[in-house]
There are 2 protein chains.
Amino acid sequence: MAQRLIGAVEAGGTKFVVALAQEDGTILARTRIPTETPATCFPAVARFFEQASAAHGAIAAFGVASFGPIDIDPASPSYGTFTTTPKPGWSGARFHDVLGRFGAPIVVDTDVNGAALGEWQAGAGRDCATLAYTTVGTGIGSGVLRHGRSIMGFSHFESGHIPVPHDHAVDPYVGFCPYHHDCLEGLAAGPAIKARWGQSLSELGSPADKVELIAGYVAQLAVSLVLLHMPDRLIFGGGVMKTPGLIPALRRAVETRLAGYIQAPQLDPGLERYIVGPALGDDAGITGAIALGRQALG
Amino acid sequence: MAQRLIGAVEAGGTKFVVALAQEDGTILARTRIPTETPATCFPAVARFFEQASAAHGAIAAFGVASFGPIDIDPASPSYGTFTTTPKPGWSGARFHDVLGRFGAPIVVDTDVNGAALGEWQAGAGRDCATLAYTTVGTGIGSGVLRHGRSIMGFSHFESGHIPVPHDHAVDPYVGFCPYHHDCLEGLAAGPAIKARWGQSLSELGSPADKVELIAGYVAQLAVSLVLLHMPDRLIFGGGVMKTPGLIPALRRAVETRLAGYIQAPQLDPGLERYIVGPALGDDAGITGAIALGRQALG
């Protein structure tokens, strides 16, 4: 049987990666488009898929893994629409406006849910019934999958904004979140690290005390994910998590805080199999977008 | 068409409530059995269902809402089995041992998931696609439903053990959790309140400062549930939540901490519709168990 074709969109804050892929994941065509505004970006996306479709055949489904905030509820009339993003021009933009012309079903999810799906399908979360993927970079966000489907409530999760214990005597930095000051993202995302110490942890040479401090904040989210989702594994990606020593420090902080309360084969001593980095690197996003398209195929 | 019959078990730490009900929820027979040990309790449960079935007809399905920890994964070989409970005799006991003889499908879930389901079906969560139910009593636990099905990972959630900011200058109490000392349950469950102040909040006359302190701890869980599950509503039940003024104080604490970050019609100003008490009172458990039995009917 001929492979059906999937249009995949990884929509990031600075660039889109768009690809035409076969059902089995083989990429037939791929390009990058600057995010800029929908007025410039969307026509380029349409042009790519028109040309790729002319060369390879009709597109049977689209998968979109996008920055947000965005409506990801398939039952909502504004499914696929950016909500209140501060990014100029993007509030109210809708993926169906550019992809609807191809007459194929469209699945839209968040970038972090897409990365989770990519890791579940082909990376570090392949054997997990429940998988939590968290990115710690410019922002902090988590996606949780159950049997390869992202879990949501009335909206996608906003794990970056959980409150964390903050000892001002140890860490006098006030935090940069415009809403909460010292929520997790306000204390541990990339911009908070640069604002506090002038450089990234890696640029600073990954000093143990600073790595421990950030690991402690991120551990609050990891422990909350365990207790409120019981995932089979936690993947931590994003630029900040590339800091040497940060994932080992996170494992230690999580193990200390759980204090043996959760007894399960998933939580190995030392948590080296339980808390891991991503396996797909820069390909997680487009792999996830293709997997979302596969869901749209039904 | 004749109503099929459901055997329902609400298994609490001190008593079981068992009932035979019609599919539509009408209870035909009901009794209470002391929990004691499986050796005394299980035969009484079997006797009740044998007699009720003799009077009313064959039982088509069982629903069990139980104290834990218990294996609630239908795909697990030990589904329906108590795991490491400190309750004498109950570790390793399995509901299938007593209910299997009736040859009907059995659905087992936690007591808090059962109460959530009861409230979703017939109480304060009727219109919610995603519903979070939390009990604050002897222990603290949460169940989250999506379209009337409880969400789980490799196990049921353990929301009572999330870490909470604890200012020893304001609240010098060390906490009573044997694993974590001052996790949420260690600071805010009924036993922590009695250990700290000698009486329950209601017995103390619900003094505003103490109510605010406990509300602040519980708010940490409420905010985490919002950010990590995005429920359409949060129900807070259990003995501690009956304290006059506690739910209003919780609403204020949650609204302050979210600080307007989550903009959604679900979160009404003041959160009076978003954070509520249960509507079913003592009937939530058995209503949930009947609903679980209905799931088993398929």
Side-chain angles (χ1 to χ4, degrees), chain A residues 69 73 75 83-84 128-132 141-142 144-147 149 151-167 177-185 216 219-221 223-233 256-267, chain B residues 69 73 75 83-84 128-132 141-142 144-147 149 151-167 177-185 216 219-221 223-233 256-267:
Chain A
D73 180 1
T83 55
T84 53
C128 295
T130 306
L131 175 67
S142 303
V144 181
L145 306 183
R146 177 77 175 160
H147 299 308
R149 299 276 165 160
I151 302 175
M152 66 174 294
F154 65 74
S155 173
H156 50 76
F157 303 157
E158 290 281 1
S159 71
H161 294 271
I162 65 164
V164 296
H166 176 201
D167 184 343
C177 173
Y179 291 90
H180 314 113
H181 304 295
D182 58 355
C183 64
L184 175 60
E185 192 169 290
Q220 177 85 8
L221 173 56
V223 168
S224 300
L225 284 168
V226 172
L227 296 169
L228 294 179
H229 280 284
M230 294 285 176
D232 292 299
R233 187 167 298 137
T256 300
R257 286 179 203 199
L258 287 175
Y261 178 69
I262 308 291
Q263 291 292 328
Q266 284 85 349
L267 281 79
Chain B
D73 180 1
T83 55
T84 53
C128 295
T130 306
L131 176 67
S142 303
V144 181
L145 305 183
R146 177 78 176 159
H147 300 307
R149 300 275 165 160
I151 302 176
M152 66 175 295
F154 65 76
S155 173
H156 50 75
F157 302 157
E158 290 282 2
S159 70
H161 294 272
I162 64 163
V164 296
H166 176 201
D167 184 343
C177 173
Y179 291 90
H180 314 115
H181 306 294
D182 58 354
C183 64
L184 176 60
E185 192 169 291
Q220 177 85 8
L221 173 55
V223 169
S224 300
L225 283 168
V226 173
L227 297 170
L228 294 179
H229 281 284
M230 295 285 175
D232 292 300
R233 187 167 298 137
T256 300
R257 285 179 203 200
L258 287 175
Y261 179 68
I262 308 291
Q263 292 292 328
Q266 284 85 349
L267 281 78

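Within every chain, numbering begins at 1; the chains are lettered A, B, ... in the order of the sequence lines, protein sequences first and strands thereafter.
- Between the CG atom of A/L228 and the OG atom of B/S159 there is a distance of 6.0 Å, given to the nearest 0.5 Å.
- Interface remark: A/P163 contributes backbone and side-chain atoms alike to the contact with chain B (heavy atom separation under 4.5 Å).
- Atom CZ of A/R146 sits about 15.0 Å away from atom CZ of B/R146, to the nearest 0.5 Å.
- When all heavy atoms are compared, the tightest approach of B/A259 to A/H180 is CB-CD2, 3.8 Å.
- Interface remark: B/S142 contributes no atoms to any contact with chain A (heavy atom separation under 4.5 Å).
- Summarising the geometry of B/D232 relative to A/F154, their closest heavy-atom pair is OD1-CB, 3.4 Å, with the distance given to 0.1 Å.
- The SG atom of A/C183 lies 8.5 Å from the OH atom of B/Y261; values are rounded to the nearest 0.5 Å.
- The side chain to side chain contact (heavy atoms under 4.5 Å, CB included) search around B/P69 returns B/T83, B/T84, B/T85, B/H156, not counting sequence neighbours.
- Of the atoms belonging to B/L145, not a single heavy atom falls under 4.5 Å from chain A.
- Heavy-atom distances place the side chain of A/I151, and not its backbone, under 4.5 Å from chain B.
- There is no contact between A/L184 and chain B, counting heavy-atom distances below 4.5 Å.
- The distance from atom CD of A/Q220 to atom OG of B/S224, rounded to the nearest 0.5 Å, is 7.0 Å.
- The contact between A/I262 and chain B is made entirely by side chain atoms (from C-beta outward), counting heavy-atom distances below 4.5 Å.
- With a 4.5 angstrom heavy-atom cutoff, A/H229 touches chain B via backbone and side-chain atoms both.
- Note that CE of B/M152 is 7.5 Å distant from OG1 of A/T130, once rounded to the nearest 0.5 Å.
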